[in-house]
Amino acid sequence: MNDLLMVHGGMPLHGEIRVRGAKNLVSKAMVASLLGESVSRLYDVPAIRDVEVVRGLLELHGVRVSEGTDGELVFDPSNVERANVDELNVHAGSSRIPILFCGPLLHRLGHAFIPDLGGCRIGDRPIDFHLSALREFGAIEEKTPEGLHLTAPGGLHGTKFELPYPSVGATEQVLLTAVRAEGVTELRNAAVEPEIIDLICVLQKMGAIISVHTDRVIRIEGVPHLGGYTHRPLPDRLEVASWACAALATHGDVSVRGARQVDMMTFLNVFRSVGGAFEVDDSPNAGIRFWHPGGELSTVALETDVHPGLMTDWQQPLVVALTQAQGLSIVHETVYEQRFGFTDALVKMGATIQLYRECLGATPCRFGQRNFLHSAVISGPSKLHGTELEIPDLRGGFSHFIAALAAEGSSRLHGVDLINRGYEDFEAKLDALGARFERI
Ligand code: EPZ
C-alpha cells in the first residue's frame, strides 16, 4: 500500500470515535503471559503494529496465540521453547518491547536472546537501567553482533535496587523478573504510571504478590508458579490526548468513547488552562467529549514529567494546539532529550517555535547542562499552511497530522504507516470525524 497521504486542512473535526486498550500496557501484558503456566486472555487489544510484533515474538517462542471477537487475544504458554536467533532477528529494530522478554525467558528457559531494539528516535534511549537490574537478579549478559544473550547460571534472586530515574521500561523489567525470582525484591524510585499499575493488576491476577508503597517504592515477593490472567486493559490515554488536541487545533468537537477521566487528570487541567472545553460521561458507554469553545486559546508554561506529571507523549500534540494560542507558551521536556525534532515541520508550516538548550522551567532536569534542545517557546497564533511532511516518530507524526488538519491548503504526508504502530484504524477514525484526505 502507498505510504503517502494527502490531507486537505482547514476543516474542524467533528464526531465520535472509540479508543481501545493502551498500547503501552497491552504489549507488556502480552509479555507477562509467558510467565504463566496456563492460558491468559486479554480483551480490547488494538490492531496496531506493536501488538503484531510482540505476537510474532511470542509465537517464535512457542506461545500459541489465537483471536476471539472484538479485540480478544488468547495466549497459551504451555509449550514455551527456545526460539531461533535468525527468526528473532526478523523483528530487530521494530520495537522496544523485546527487552522485556529477558526476565520471563530466563525463568522459563534459563536463557534469553534479545534482538537489537527499535522504537521511536526521540533520544538515545539506552537500556543501562534494565541491564543493571538484571545483573542484580543474577543474570549474566553477553553482547554479540546479533543482539543480547542472557543466562542466569545460579537462578534469579530477589534484590534491593534503586533506579537512577523512574523509568517505565526498567520498572516493568524489574516487575516481570521479580515476580518469579526467589525471595523479596524492593524497587526504589520506581515509575508509577497508570500502565504500570495496570501491569501489576495483571501480575496479581496471575498469582504475584506486589505492593506499591509511598515514595515510589514497589515490593515484590517472588512466587514459584504463576497462572494465566483474564484482563481488560486501561484505555489508551496517549491516543485520547492526541484526538483531544486535534479537536482543539481544528476548532472541532470530538467525543472519545472509552476515555477515562482518572487516567487523564493532568492532561485535562492543561487542556482547560489552554482554553479547551471537555465533558466527562460516566455512563456505561463512558467517554470524554473535547471541543474548542470559540474565542482565543490561552498560553501556558508546561513541563513534562513522570507520572503524575504531564506525560511526555502528550507534549507533541499539545504543542500543535499551542501554535494557535495568543502569546508565548513555554514547554520544558524533562523525560526525553530530543523530543522537539517534530517542530521543524511546524515551523515550515508557519508556526513560530524557538528551541533552547536551557531548562525553561522550575525543574532543573538531566538535560540542562548537556547541550540538548529540550525547551521550546511557541509564539502564536500562527496561520499554518499545508506542505510536504515526513512522519518522524509515532507521536511527532500524529502531531504533524493534527497540524496538517488545522492548516490552510493541502499537505502531503510521507511515511504515514508509522502511525499504525500505535493508532488503530486512524484513517477510519479520521474519516468518521469528517477529515478530508486520500491515499495517493
Ligand atoms: C515508555 O518508554 C513508553 N513506551 C513511551 O511511549 C513513553 O514515552 C515513556 O515510557 C515515558 O512515559 C512504551 O511503553 C513501549 P522510560 P520507555 O524508560 O519505557 C531514560 C510511545 O510513543 N532511560 O521511562 O522506553 C530514557 O532514555 C512511547 O508510545 C535510561 O537512561 O521510557 C528516557 O530519557 C514513546 N536508561 C527516560 O529514562 C534506561 O535503561 C524515560 O524512559 C531506560 C531509560
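The analysis underlying the following values was restricted to heavy atoms, covering all of them including side chains, and did not include hydrogens, waters or symmetry mates. What you see is a predicted model, and the numbers here were worked out from it, not measured in a lab. Whatever order the structure lists ligands and atoms in, that order sets their numbers, starting from 1.
Heavy atoms from both the backbone and the side chain of D128 come within less than 4.0 Å of ligand 1. With a heavy-atom cut-off of 4.0 Å, R96 touches ligand 1 through its side chain alone. When non-hydrogen atoms are compared, ligand 1 lies under 4.0 Å from the backbone of I127 (N, CA, C, O) but not from its side chain. Residue I97 touches ligand 1 through its side chain alone, judged by heavy-atom distances below 4.0 Å. Contacts between L238 and ligand 1 below 4.0 angstrom, taking non-hydrogen atoms only, involve the side chain exclusively. Residue-level proximity to ligand 1 for E195 is absent, since no heavy atom of it falls below 4.0 angstrom. Looking at R339 against ligand 1, only its side chain comes within 4.0 Å, counting heavy atoms. Counting heavy atoms closer than 4.0 Å to ligand 1, residue R395 contributes side-chain atoms (C-beta onward) but none from N, CA, C or O.
No N or O atom of P166 sits closer than 3.5 Å to an N or O atom of ligand 1. In terms of polar-atom proximity, defined here as any N/O pair under 3.5 Å, V335 does make such a contact with ligand 1. At least one N/O-N/O distance between G169 and ligand 1 falls below 3.5 Å. Among the atoms of N24, some N or O lies under 3.5 angstrom from an N or O of ligand 1.
Checking H332 against T334 by side-chain atom types alone, no donor-acceptor pair falls below 3.5 Å. Residues Y43 and R20 bring no donor and acceptor atom of their side chains to less than 3.5 Å of each other. Side-chain contact, R216 with N189: no donor N or O sits under 3.5 Å from an acceptor N or O. A donor-acceptor contact closer than 3.5 angstrom links the side chains of T312 and E333.
Judged by distance alone, the side chain of Q173 and the main-chain N or O of I99 form a donor-acceptor pair under 3.5 Å. Side-chain atoms of S375 come within 3.5 Å of backbone atoms of E358 as a donor-acceptor pair (strictly under, hydrogens ignored).
The residue from R96, R55, R421 that alone fulfils the salt bridge (Lys or Arg N to Asp or Glu O under 4.0 Å) condition with D50 is R421. Of the listed residues (F426, F290, F271, F398), just one forms a ring pair (Phe, Tyr, Trp, His ring centres under 6.0 Å) with W243, and that residue is F398.
Pairs of residues two or more places apart, or lying in two chains, that qualify as ring pair (Phe, Tyr, Trp, His ring centres under 6.0 Å) and include a residue from residues 299-322 are F267-W314.
Those atoms of ligand 1 with a heavy atom of T312 less than 4.0 angstrom away are 8 (O), 11 (C). Atoms of ligand 1 found under 4.0 Å from any heavy atom of K23 (numbered from 1 in listed order, with element): 21 (C), 29 (O). Listed by number with element, the atoms of ligand 1 under 4.0 Å from a non-hydrogen atom of H130 are 40 (O).
The heavy atom nearest to atom 43 (C) of ligand 1, out of those in P126, S27, A170, is found in P126. Residue Y336 holds the heavy atom nearest to atom 5 (C) of ligand 1 of all those in Y336, F367, F398, Y165.
Ligand 1 is approached by R366 to a heavy-atom distance shorter than 4.0 Å.
Between R439 and D417 there is a salt bridge, since at least one side-chain N of the basic residue sits less than 4.0 Å from a carboxylate O of the acidic one.
Using cut-offs of 30° and 60° for the angle between ring planes, the F75 and Y229 rings count as tilted.
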